[in-house]
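Keep in mind the model is a prediction, meaning the values are calculated, not measured. Ligands are counted one by one from 1 in listed order, and the atoms in each one are counted from 1 as well.
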Amino acid sequence: MRWRITTLKEVSSTQTAARVLAESGSAEGTVVVAEAQTEGWGRRGRRWYSPPGGLYMTAVLRPRNGAGLIPLMAGVAVAETVRTTAGVEAELKWPNDILIGGRKVGGILAESAWSGKEAVYALLGIGVNLNNRLPPVLHEATTLSAETGREIDPQRFLAVLLEKLDQGLRLLETEPGRVLEAWRRLSSTLGHRVEVVVESGEAVRVVAVDIDPDGALVLEIGDGRRRVVSGSLRETLLLSSEADRLI
Ligand code: BTN
């Protein structure tokens, strides 16, 4: 992958800026990085707090074999980058959270534009708390500098991350099973009880046992297994037996 990086001092959201570029035909590998975002957002429309000191980037991808596993691959890439650059072990919480010691240090926001059943492009947004401060309200979050007691070099973090993403994208084309294996190894979700709201509206605590080849989370409910394709753990999850994509 030839990454073409545009760095901005401040932008509303790198996701919006990258979408404009993707719509106007920018090549796969176009990356928008911002030092700060004024309107960064995360999954489920939540605000993504984006002051200077964090990493905020969106890559334009043009996937040929479906985009479903891109978010899981990206989570693995971020966790490996955290280990390489900061020497800290990160864990992955399904679907897209990167945690250190149970606290969120980064997140992935993947969006796709479809033409029929084909993804015309995907926007892979990644936010990682590096040296930025966090407001007290985000007490369940952490930063890499808080975890290590030192400043993290954002340029190096980005360079390592793009290399890991490059490797991950290639693996998705040739051996997607290895991406899933890496995700399982880093998972803080599998083998643990998670809270799920089932169709009746009832909240039940069930064990997350696996992820399917398409990235769906597999739960053990009663004497059967159910797949979850979207949602967040400890919140409402959407259960479906025939759902076909994660993003
Ligand atoms: C989440 O955990 O909910 C995902 C957070 C993703 C945040 C990143 S920061 C770069 C890109 N631009 C945005 O507005 N969001 C993503």
Side-chain angles (χ1 to χ4, degrees), residues 3 5-23 26 30-61 67 70-79 81-82 90-100 102-113 121-135 137-144 152 154-155 157-158 161-162 164-165 183 186-189 215 217 229-238 246-247:
W3 300 112
I5 305 170
T6 301
T7 305
L8 306 170
K9 209 152 187 61
E10 187 179 91
V11 69
S12 58
S13 160
T14 57
Q15 217 65 8
T16 313
R19 177 172 295 113
V20 171
L21 293 173
E23 294 278 349
S26 286
T30 299
V31 179
V32 179
V33 184
E35 288 174 24
Q37 300 182 118
T38 53
E39 286 164 48
W41 77 87
R43 293 178 62 245
R44 314 181 121 217
R46 289 200 191 105
R47 178 166 179 231
W48 186 261
Y49 187 70
S50 315
L55 174 85
Y56 316 107
M57 61 151 276
T58 302
V60 176
L61 303 174
I70 287 175
L72 296 189
M73 177 282 290
V76 171
V78 173
T81 304
V82 165
E91 291 182 327
L92 300 176
K93 178 174 153 197
W94 189 91
N96 296 327
D97 290 349
I98 299 99
L99 312 178
I100 298 176
R103 294 169 142 199
K104 183 157 170 170
V105 72
I108 312 284
L109 179 68
E111 302 176 281
S112 309
Y121 63 82
L123 300 176
L124 173 59
I126 300 179
V128 186
N129 298 322
L130 299 179
N131 308 308
N132 52 295
R133 299 181 74 108
L134 293 172
V137 52
L138 293 181
H139 53 87
E140 287 187 357
T142 189
T143 67
L144 263 192
I152 303 298
Q155 306 292 343
F157 192 93
L158 178 65
L161 177 58
L162 291 178
K164 303 274 183 201
L165 288 174
W183 195 92
L186 292 163
S187 162
S188 68
T189 304
L217 183 67
V229 291
S230 72
S232 306
L233 299 179
R234 279 212 258 123
E235 294 166 32
T236 307
L237 290 167
L238 211 106
L246 187 62
I247 55 173

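In summary, the atoms of ligand 1 found under 4.0 Å from a heavy atom of Thr58, numbered by their order in the structure, are 11 (C). Annotation for ligand 1: atoms under 4.0 Å from non-hydrogen atoms of Gly40 are 14 (O). Distances below 4.0 Å separate heavy atoms of Gln15 from the following atoms of ligand 1: 11 (C), 12 (N), 16 (C). Within the listing of ligand 1, atoms 1 (C), 3 (O), 4 (C), 5 (C) sit less than 4.0 angstrom from a heavy atom of Gly42. Taking every heavy atom of Ile108 and a limit of under 4.0 angstrom, the matching atoms of ligand 1 come to 4 (C). Every atom of ligand 1 is numbered from 1 in the order shown, and the set under 4.0 Å from a heavy atom of Met57 is 10 (C), 11 (C). Within ligand 1, counting atoms from 1 as listed, the ones closer than 4.0 Å to a heavy atom of Leu109 are 6 (C), 15 (N).
Side-chain atoms of Thr16 and Trp41, non-hydrogen and from C-beta on, do get closer than 4.5 Å to each other. Contact check for Leu144 versus Ile100: side-chain heavy atoms found under the 4.5 Å cut-off.
Annotation for Asn129 and Trp48: closest pair OD1-CZ2, 4.5 Å, computed over non-hydrogen atoms.
Atom 5 (C) of ligand 1 has Trp48 CE3, 3.4 Å as its closest protein atom, hydrogens excluded (heavy atom only). With hydrogens left out, the protein atom closest to atom 3 (O) of ligand 1 is Arg43 N, 2.7 Å, a heavy atom. In terms of protein heavy-atom proximity, atom 11 (C) of ligand 1 is nearest to Thr14 OG1, 3.2 Å. Distance from atom 14 (O) of ligand 1 to its nearest protein heavy atom, with residue and atom name: Ser13 OG, 2.7 Å. Protein heavy atom at the shortest distance from atom 15 (N) of ligand 1 is Trp41 O, 2.7 Å.
Proximity of Lys104 to ligand 1 is established by a heavy-atom distance of less than 4.0 Å. Residue contact check for ligand 1: Gln37 places a non-hydrogen atom closer than 4.0 Å to it.
With a heavy-atom cut-off of 4.0 Å, Asn96 does not touch ligand 1 at all. Here Ile126 has backbone heavy atoms under 4.0 Å from ligand 1, and that is the only part of it that gets that close.
If you check the side chains of Thr58 and Gln15, you find a donor sitting under 3.5 Å from an acceptor.
For atom 8 (C) of ligand 1, the candidate residues are Gly127, Gly107, Ala141, Ala34; the nearest heavy-atom contact is made by Gly127.
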